[in-house]
Amino acid sequence: MATTVKPSTQSKNTSNTSNQEIGRFIGALYSFNNSLKLYHWHVSGEGSYAQHIALDQALETLPDVLDRLTETTYAMKGDIAITIPETKVPENIVKHVQDFYTYVESHRDLFSQDFSESIIDDCQETIQQLLYRLERLR
């Protein structure tokens, strides 16, 4: 005689909420990457070459981080409905990057597995390096 345990409605709703939040987070990371590219194309003036190179370096790393995080999440949670918000050219690139770093930190709890957390660490390291380069290499 086989016994099956039906998941409680509460845990299913919590899982759905978590998956929705994860989908929004992944979409925000995708949008952030695209916002850097938009700024990269528009940067000009004093210090623009240093900003251009700093953005290039982040744009080389972030897509890999995004891909690893998304594929790992799919493997752990199943299909995720990813929602990508509208992407605009940031007016103040340093504030934009700082705000996104804070956003990532505030959503770290969505990824509780050690390997997922290490991917979030890679994301934040890339953002910190970008901030350093944008603020110091003018």
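Atom set for the values below is all heavy atoms of this structure, side chains included, hydrogens, waters and symmetry mates excluded. Since the model is a prediction, treat every value here as computed from it, not as a measurement.
- Scanning for side chain to side chain contact (heavy atoms under 4.5 Å, CB included) contacts around D56 gives H40, H52, I53, with sequence neighbours left out.
- Considering all non-hydrogen atoms of both residues, S116 and F111 come closest at CB-CB, 3.7 Å.
- Taken together through direct or relayed side-chain contacts under 4.5 Å among Ile, Leu, Val, Met, Phe, Trp and Tyr, M76 and L69 form parts of separate hydrophobic clusters.
- The distance from atom CG of N19 to atom CG of D79, rounded to the nearest 0.5 Å, is 9.5 Å.
- For the residue pair Q124 / Q128, no side-chain donor-acceptor distance below 3.5 Å is found, with atom types taken as modelled.
- Residue pairs meeting the ring-ring contact (aromatic ring centres under 6.0 Å, His included) criterion with at least one partner in residues 69-103, sequence neighbours excluded, are F25-Y103, F32-H96, F32-F100, F100-Y103, Y103-H107.
- Under the ring-ring contact (aromatic ring centres under 6.0 Å, His included) criterion, H42 pairs with no residue at all, not counting sequence neighbours.
- Y132 and V65 fall into different hydrophobic clusters, where Ile, Leu, Val, Met, Phe, Trp and Tyr are joined by side-chain heavy atoms under 4.5 Å apart, directly or via other members.
- Between atom NZ of residue K37 and atom CG of residue N34 there is a gap of 10.0 Å, rounded to the nearest 0.5 Å.
- Cluster membership for Y49 and V43, using ILVMFWY side-chain heavy atoms within less than 4.5 angstrom, is not shared.
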Enumerate, atom names and distances included, each donor-acceptor pair closer than 3.5 Å involving a side-chain atom of residues 80-89, sequence neighbours excluded.
from : atom 1 : to  : atom 2 : distance (Å)
T87  : OG1    : S31 : OG     : 2.7
T87  : OG1    : P85 : O      : 3.4

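- Here Q57 contributes atom CD and R133 contributes atom CZ; the two are 4.0 Å apart, rounded to the nearest 0.5 Å.
- Distance CG/L66 to OG1/T61: 12.5 Å, rounded to 0.5 Å.
- Residues satisfying the side chain to side chain contact (heavy atoms under 4.5 Å, CB included) criterion with D99, sequence neighbours excluded, are K95.
- Put simply, CG on L62 and CG on L29 are 6.5 Å apart, with the number rounded to the nearest 0.5 Å.
- Put simply, CG on L134 and CD1 on I127 are 11.5 Å apart, with the number rounded to the nearest 0.5 Å.
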Task: I119/Q113 under side chain to side chain contact (heavy atoms under 4.5 Å, CB included): CA gap, chis, key distance, verdict - done: CA-CA 10 Å; I119 299 170; Q113 296 82 13; over 6 Å; no
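- Nearest heavy atom pair, residue P63 against residue N33, reads CD-OD1, 3.8 Å.
- The salt bridge (Lys or Arg N to Asp or Glu O under 4.0 Å) pairs that include a residue from residues 58-70 are D64-R68, R68-D122, where partners are two or more places apart or lie in different chains.
- In terms of heavy-atom proximity, V104 sits nearest to C123 at CG2-SG, 4.2 Å.
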